[in-house]
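Each remark here refers to the structure printed beneath this line.
Read the numbers this way: they start at 1 and go in the same order the structure lists the ligands and their atoms.
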Amino acid sequence: MKILNIVGARPNFMKIAPIMEHMKASPKITPVLLHTGQHYDQNMNDVFFDQLGIPHPDIELEVGSGGQAWQVSETIRKFDPVLEEESPDAILVVGDVNATVACALAASYRKIPVIHVEAGLRSFDWNMPEEINRVVTDRLSDLLFITEPSGRENLLKEGTPPEKIQFVGNVMVDTLLKHRENAAQTSRILDQLQLQPGGYAVMTLHRPSNVDAKGVFAGILKAVHQISKHLKIVFTVHPRTRSRIEEFGLEESVKSLILLEPQPYLDMVRLMSQAKMVLTDSGGIQEETTVLGVPCLTIRENTERPVTLDEGTNTLVGASAIIRVAEHIIKTGGKQGRCPELWDGCTAERIVRFLEQWQPR
Ligand code: UD1
């Protein structure tokens, strides 16, 4: 069975790495890797391929940056001839980025089966581009691999036939567990920044809802500045966020923080694993902190990953609650949590075993 695996943006890379590894070892599957080019900078892209041992993509669409509709349509336009030429038995998409939905659409028009890894997550927040991408991709998919029980509930409510849904766990956790020790051995990031374990927090912010409106972004930075009086804060700055800091003239508001470029995978894992807490609006980091046992403050009104709240270390905080919750963690150590079911490092293997006996329509 020839499967065309799709990546486009940074959070896809840690998900595809273990899937490619297990597919390559399978006698029954011929994997092909396609990169849409949604992310392309050295520190958003190449460094992840190197550190995670992902093979060089067989096909690159080089779509690049643009508005959401433009990016999705450009990806479809460039992907369609590839589908014709490659004629795969199925395509596999991961997560919820623009590359995910665009390739699922193009394959569906050609009646090529779609496999979605990390299906069924719902924030119920239609303002998030990712929520649109998730709902549309799931509706188009023939096989839906879910990471947590909420995925099944959501999909069944939307009318997905139960036989299409498989609970396999979390592929991103495969990658985290595989590289955690390596990060501890090889990363020099704590020494370079003169940080002590437990003596700092890590922050990432890039959601349009947090950084695209000046008032909202400035409010978050004001709260974070308060926390930085008690605890050093390392802020890894996404390209979108850096542009907004400059555009809104917020340079003064980030002066008390330690600003870094987007970090390579191993340094980021090392930074998060030794932090007192992590402040974020990322989807994946909510899950990674749960596995690392580090308290996470998610600066959002909702999450599509409720298992990280119920079982893990995650707490949702609107901008007004950031200081209170962070101070509570500084005093008490915060939520400890436990690792959710099947987040055990064997998810990609389960996916590939399932695919080996799967009959695409
Ligand atoms: C995308 C995903 C988001 C994910 C995030 C991780 C969608 C809708 N959003 O958001 O779910 O959490 O990736 O980073 O797919 N840019 C660069 N270099 C790059 C890539 C982007 O400078 O290599 C800049 C460009 O100015 C671009 C902007 O970042 O316009 C935003 O990139 P884009 O891929 O559109 O969205 P993200 O905010 O990264």
Next on the checklist: For the aromatic rings, using the six-membered ring if either is Trp, is the centroid distance between H35 and F49 under 6.0 Å?
Outcome noted: yes
Next on the checklist: Quick check on the hydrophobic clustering: are I6 and L143 connected, directly or via other members, by side-chain heavy-atom contacts under 4.5 Å?
Outcome noted: no
Identify all pairs of nitrogen or oxygen atoms, one from ligand 1 and one from the protein, separated by less than 3.5 Å, and list them with distances.
{"unit_1": "ligand 1", "atom_1": "9 (N)", "unit_2": "E130", "atom_2": "OE2", "d": "3.3"}
{"unit_1": "ligand 1", "atom_1": "11 (O)", "unit_2": "E130", "atom_2": "OE2", "d": "2.5"}
{"unit_1": "ligand 1", "atom_1": "12 (O)", "unit_2": "H206", "atom_2": "NE2", "d": "2.8"}
{"unit_1": "ligand 1", "atom_1": "13 (O)", "unit_2": "H39", "atom_2": "NE2", "d": "3.4"}
{"unit_1": "ligand 1", "atom_1": "14 (O)", "unit_2": "H238", "atom_2": "NE2", "d": "3.1"}
{"unit_1": "ligand 1", "atom_1": "15 (O)", "unit_2": "Q38", "atom_2": "NE2", "d": "2.9"}
{"unit_1": "ligand 1", "atom_1": "15 (O)", "unit_2": "N98", "atom_2": "N", "d": "2.9"}
{"unit_1": "ligand 1", "atom_1": "18 (N)", "unit_2": "D41", "atom_2": "OD2", "d": "2.9"}
{"unit_1": "ligand 1", "atom_1": "22 (O)", "unit_2": "D41", "atom_2": "OD2", "d": "3.4"}
{"unit_1": "ligand 1", "atom_1": "23 (O)", "unit_2": "Y40", "atom_2": "N", "d": "2.9"}
{"unit_1": "ligand 1", "atom_1": "23 (O)", "unit_2": "D41", "atom_2": "N", "d": "2.9"}
{"unit_1": "ligand 1", "atom_1": "34 (O)", "unit_2": "Q38", "atom_2": "NE2", "d": "3.1"}
{"unit_1": "ligand 1", "atom_1": "34 (O)", "unit_2": "H39", "atom_2": "NE2", "d": "3.0"}
{"unit_1": "ligand 1", "atom_1": "38 (O)", "unit_2": "R240", "atom_2": "NE", "d": "2.9"}
{"unit_1": "ligand 1", "atom_1": "39 (O)", "unit_2": "H39", "atom_2": "NE2", "d": "2.9"}
{"unit_1": "ligand 1", "atom_1": "39 (O)", "unit_2": "H238", "atom_2": "NE2", "d": "2.9"}

Checklist outcome for this item: For F235 and T241, the nearest pair of non-hydrogen atoms, with its separation, is CZ-CG2, 3.9 Å
Checklist entry - For R300 and D281, which heavy atoms make the closest approach, and how far apart are they? => result CD-O, 3.8 Å
Item to check | Exam field: side chain K2 to backbone E86, donor-acceptor pair closer than 3.5 Å | outcome: yes
Item to check | Inter- and intrachain pairs under ring-ring contact (aromatic ring centres under 6.0 Å, His included), touching residues 127-155, at least two apart | outcome: F145-F354
